[in-house]
Amino acid sequence: MNPDLEHEHSPEAIRARLAEGPSPSYLRDWVYGGIDGAVTTFAIVAGVVGAELDSRVILILGLANLLADGYSMAAGNYSATKTEIDEYHMFDAIERRHIEVDPHGEREEIRQILMAKGLTGEGLSQAVDAITDDVERWVETMLAEEYGVSRAQRAPFMSAISTFAAFILAGAVPLIPFVVQVESAFSWSLAMTAVAFFLIGSLKSRWTPALWWRSGLETLAIGASAAAAAYYVGYFLKTLV
């Protein structure tokens, strides 16, 4: 196996990999939950510190946010992911009905899809025949090409658990200095949260083409802007109330 490639390209390895089919990725759920957990919890910390309130308020609001907002995000992601699956099944049912009612029209759709990919002549006719000779292959091709959906659907429960776990883990970081009651707790919270943002972005780059340091700095910038906004909102509200 070439060390510069992510997987083997021998006929046997290709056959085995294609037989397994595509697998769903929960990376977006972890990144989504982690960033939001760190951002919202540190925003609470920054807002309370900006308003010069007691540190106990940070713990009360921070822990309440971890549980309530974490659960809310998980529930929302569960519903959103389930909606994607329901949409997939709706498109699947539509294509099966169209194939049954108007197979010639659906066959023409396949032909034009393949023509757009550069197939012509006898090769085009053979490819159309190969796809439309099997209903499952026909439907799967239409779902991917016409609707842009894949049969590798994420499980709603796993999406929810991934989001909740990431939210709790990353969201707890800004609160740790206040829990252990170290000196300059806010400074420690700021530093630890910045590291958490950078690590989340850096780890995300393992599954994206972005450079690890650039992805880390991008995520850090997002979190820092939210934290700064919360701090100054708390500071100005203190002067008004």
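Arg137 CZ: more than 12 foreign heavy atoms inside a 6.0 Å radius. Counting non-hydrogen atoms of other residues, nucleotides and ligands closer than 6.0 Å to CD of Glu100 gives a total of 12 or fewer.
Put simply, Leu59 and Phe167 are part of the same group of oily side chains (I, L, V, M, F, W, Y) that touch within less than 4.5 Å, one to the next.
Of the possible polar contacts, none joining the Ser189 side chain to the Ala185 backbone as a donor-acceptor pair under 3.5 Å is found. Put simply, the side chain of Arg154 never gets that close to the backbone of Lys82: no donor and acceptor are under 3.5 Å apart. No donor-acceptor distance shorter than 3.5 angstrom exists from the side chain of Ser79 to the backbone of Gly76, with no hydrogens or angles considered. A side-chain donor-acceptor contact under 3.5 Å links Ser215 to the backbone of Gly201.
Looking at Arg96 and Glu136, a side-chain N of the basic residue comes within less than 4.0 Å of a carboxylate O on the acidic one, giving a salt bridge. Contact check on Glu145 versus Lys117 returns a salt bridge, with a Lys/Arg side-chain nitrogen under 4.0 Å from an Asp/Glu carboxylate oxygen. Between Asp92 and Arg151 no salt bridge is recorded (no basic side-chain N to carboxylate O distance below 4.0 Å). Checked for salt-bridge contact, Arg111 and Glu108 meet the test: a charged N lies under 4.0 Å from a carboxylate O.
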Worksheet item: Given the rule in the side chain to side chain contact (heavy atoms under 4.5 Å, CB included) test, do Leu143 and Tyr88 qualify, once you have shown the distances and angles that lead to the verdict?
Response: CA-CA 8 Å; Leu143 290 175; Tyr88 174 86; 3.7 Å; yes
Worksheet item: Going through the checks in order, is the side-chain hydrogen bond (donor to acceptor under 3.5 Å, both in side chains) test met by Tyr147 and Glu87?
Response: CA-CA 10 Å; Tyr147 299 103; Glu87 184 180 57; over 6 Å; no
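Of the candidates Leu175, Ile44, Leu53, Leu175 is the only one forming a side chain to side chain contact (heavy atoms under 4.5 Å, CB included) with Ile58.
Rounding to the nearest 0.5 Å places OG of Ser202 at 11.0 Å from CG of Leu211.
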